[in-house]
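These notes are about the structure you will find just below.
Lettering of chains follows the sequences in order, A, B, ..., and the numbering in each one begins at 1.
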Protein chains: 2
Amino acid sequence: MPSSTVEDYLKCIYLEAQRRDGMLPMGALARAMNVVPGTATAMVKTLSSDRLVNYRARVGVSLTDAGTEIALQVVRRHRLIELLLVQVLGLDWSEVHGEAEALEHAVSDRVIDRIDAMLGHPRVDPHGDPIPSPDGAFALVGTVSLAECPRKVPRTIVRILDQDPDFLLFAEKNGLMPGQKVTVVSRDKSSDAVEISVRKGKKLTLGSSAARKILVDEAS
Amino acid sequence: MPSSTVEDYLKCIYLEAQRRDGMLPMGALARAMNVVPGTATAMVKTLSSDRLVNYRARVGVSLTDAGTEIALQVVRRHRLIELLLVQVLGLDWSEVHGEAEALEHAVSDRVIDRIDAMLGHPRVDPHGDPIPSPDGAFALVGTVSLAECPRKVPRTIVRILDQDPDFLLFAEKNGLMPGQKVTVVSRDKSSDAVEISVRKGKKLTLGSSAARKILVDEAS
DNA sequence: CATTTTATTTTGACTAATCAAACTAGATGG
DNA sequence: CCATCTAGTTTGATTAGTCAAAATAAAATG
């Protein structure tokens with residue numbers, strides 16, 4: 001069985017590689033894992049000799065099929081736990097990411113399957129992040145961020161691309177959660193601002209980096 | 001924060017010391033922790049220099065107040081998790097001990113408090129083992145085992161002193177669970193047998209070591 | 001009481017994961 | 001095309017937790 005450290009590296013490589021193309025540079029991995037670069041290199045070498053990643057010195061790292069499989073299991077556990085914490089134990093969605101970081105390494109398949117069943121085989125977690133099925137498949141939905149979707153058309157929020165509690169509390173306070181309706185009113189390139197209106201016509205202005213974190217359904 | 005290894009040692013010392021008097025010998029600790037004796041000695045020395053245990057070479061180990069406090073928190077987490085797994089996720093009581101061994105080190109106070117609230121501040125876990133309150137207090141109930149309680153008087157099972165899945169499955173199959181009624185019909189010293197009758201007058205014979213694991217309420 | 005047995009402690013070694021700091025390969029740019 | 005900068009790699013150490021096996025203390029036994 002992989003250690004929880006190994007699980008964390010594989011999950012991290014998986015999630016970071018989503019953003020970028022091809023190989024994940026070691027510096028990015030080290031930063032994401034909060035370790036010094038040398039530590040990441042050392043770890044990646046052992047992952048590589050276990051055939052969990054492909055490593056090319058001075059280029060970067062990518063997951064093998066075996067590594068992807070483990071990463072997806074960890075992501076699945078993480079997201080199902082988040083949902084359990086919100087829906088069953090009533091924690092706030094801003095706190096569950098941190099809690100799930102520890103629990104994801106401690107739940108057995110048996111328990112995760114019960115959670116999955118009890119929650120009705122959910123497809124997404126409280127932030128709208130998709131939950132891989134036991135065999136690693138996703139139900140993928142087309143999305144666009146508030147920074148690029150058409151204006152004046154009401155959309156439904158489907159996903160928030162940030163786990164930071166402060167951001168999530170802000171989003172919650174303003175009704176920016178999966179399932180909520182939102183319309184982009186205007187965008188201004190030079191001020192970098194996106195004006196939106198939420199339920200009850202409430203208006204709100206976001207910077208584009210925040211707007212980029214909020215995904216809505218692609219076809220209205 | 002103590003590592004999960006440290007938590008395990010403290011919990012183990014706490015639980016093993018329940019049975020015995022005074023100091024727990026290193027051999028017993030090593031056996032209970034599944035490590036070689038030298039490992040237990042080394043660990044206990046570091047616990048001792050952290051003032052979590054009292055250690056006397058070639059005599060044994062006992063918990064300090066600080067050590068007891070940590071041990072009780074771990075026991076509390078363990079037992080609340082067991083109850084959650086049984087009552088909310090529907091796992092069988094024979095499997096939850098093992099699951100909780102890992103989870104007890106991964107749940108935060110925040111989560112454990114939600115679980116406690118959601119379960120209605122329970123006093124005992126699925127095996128009847130008492131759950132310490134956040135400040136380490138127990139609701140203690142007088143009990144006797146089936147090996148020593150008066151005969152012919154119906155009693156209520158309150159606790160099972162064994163976490164072995166096989167034993168628990170056997171007990172479950174025969175209705176020997178907390179809350180169930182049971183009467184000791186007869187005992188025989190030489191054959192080491194305890195004959196009991198369960199609900200619906202079903203008869204059953206236990207060896208005295210099994211009888212000793214089943215506790216009933218003291219005053220009928 | 002001398003001897004053997006058993007429990008415990010010591011010593012030396014190992015693995016996983018980490019950091020600090022020295023080093024190096026490539027890219028950047030004058 | 002050489003010098004510099006930067007990202008990445010190496011090396012040497014450290015810590016926690018462990019085992020194997022040698023050493024020793026205490027208890028049990030003849």
#### Entry: Pair listing, side chain to side chain donor-acceptor pair (under 3.5 Å) test, anchored in residues 23-48 of chain B, at least two apart
none
### Query
Considering residues, nucleotides and ligands other than B:Arg187, do more than 12 of their heavy atoms fall under 6.0 Å from its CZ?
yes
### Query
A:Met33: what forms a side chain to side chain contact (heavy atoms under 4.5 Å, CB included) with it, not counting sequence neighbours?
A:Asp8, A:Tyr9, A:Cys12, A:Leu29, A:Val35
So which protein nitrogen or oxygen atoms get under 3.5 Å of nucleotides 19-21 of chain C's nitrogens or oxygens?
from: C:dC19; atom 1: OP2; to: A:Val36; atom 2: N; distance (Å): 3.1
from: C:dC19; atom 1: OP2; to: A:Thr39; atom 2: OG1; distance (Å): 2.8

### Query
Quick one: side chain to side chain contact (heavy atoms under 4.5 Å, CB included) partners of B:Ala193, sequence neighbours excluded?
B:Ser191, B:Thr205
### Query
What nucleotide among D:dA26, D:dG17, C:dA25 has an atom nearest to a side-chain atom of B:Ser3?
D:dG17
### Query
Just checking A:Ala40: base, sugar-phosphate only, or nothing, at a heavy-atom cut-off of under 4.0 Å?
nothing
### Task
Check DNA chain C against residues 18-30 of chain A and give the residues with a non-hydrogen atom under 4.0 Å, in numerical order.
none
### Message
With a 4.0 Å cut-off on N to O distance, would you call A:Arg114 and B:Glu99 a salt bridge?
### Response
no
### Query
salt bridge (charged side-chain N to carboxylate O under 4.0 Å, His left out): which pairs involve residues 47-58 of chain A, sequence neighbours left out?
none
### Task
Take the protein atom CE of A:Met43 and the nucleotide atom C1' of C:dT18, then report the distance between them rounded to whole Å.
11 Å
### Query
Expressed in angstrom and rounded to an integer, what is the separation of A:Arg56 atom CZ from D:dG8 atom P?
14 Å
### Task
Kindly say if A:Tyr9 contacts the phosphate of C:dA16, meaning a side-chain N or O under 4.0 Å from OP1 or OP2.
no
#### Entry: Nucleotide nearest A:Thr41 when distance is taken to its side chain, options D:dG17, D:dT9, C:dT9
D:dT9
#### Entry: Within residues 45-55 of chain A: residues closer than 4.0 Å to DNA chain C (heavy atoms)
none
Could you tabulate the donor-acceptor pairs under 3.5 Å formed by side-chain atoms of residues 129-141 of chain B, not counting sequence neighbours?
from: B:Asp129; atom 1: OD1; to: B:Arg159; atom 2: NE; distance (Å): 2.7
from: B:Asp129; atom 1: OD1; to: B:Arg159; atom 2: NH2; distance (Å): 3.3
from: B:Asp129; atom 1: OD2; to: B:Gln163; atom 2: NE2; distance (Å): 3.1
from: B:Ser133; atom 1: OG; to: B:Asp135; atom 2: OD1; distance (Å): 2.9
from: B:Ser133; atom 1: OG; to: B:Ala137; atom 2: N; distance (Å): 3.2
from: B:Ser133; atom 1: OG; to: B:Ala137; atom 2: O; distance (Å): 3.4
from: B:Asp135; atom 1: OD1; to: B:Ala137; atom 2: N; distance (Å): 3.4

## Note on the structure
Sorted by chain and residue number, the salt bridge (Lys or Arg N to Asp or Glu O under 4.0 Å) partners of B:Asp113 (sequence neighbours excluded) come out as B:Arg76
### Task
Please identify each residue that fulfils side chain to side chain contact (heavy atoms under 4.5 Å, CB included) with A:Ser208, with sequence neighbours left out.
A:Asp192, A:Arg212
### Task
Ignoring hydrogens and angles, answer whether the base of C:dT24 and the side-chain atoms of A:Arg58 contain a donor-acceptor pair closer than 3.5 Å.
yes
## Note on the structure
So ring pair (Phe, Tyr, Trp, His ring centres under 6.0 Å) across residues 22-42 of chain A, not counting sequence neighbours, yields none
### Query
Restricting to pairs with a member in residues 77-91 of chain A, which pass side chain to side chain donor-acceptor pair (under 3.5 Å), not counting sequence neighbours?
A:Glu7-A:Arg77, A:His78-A:Glu82, A:His78-A:His97, A:His78-A:Glu104, A:Glu82-A:His97, A:Glu82-A:His127
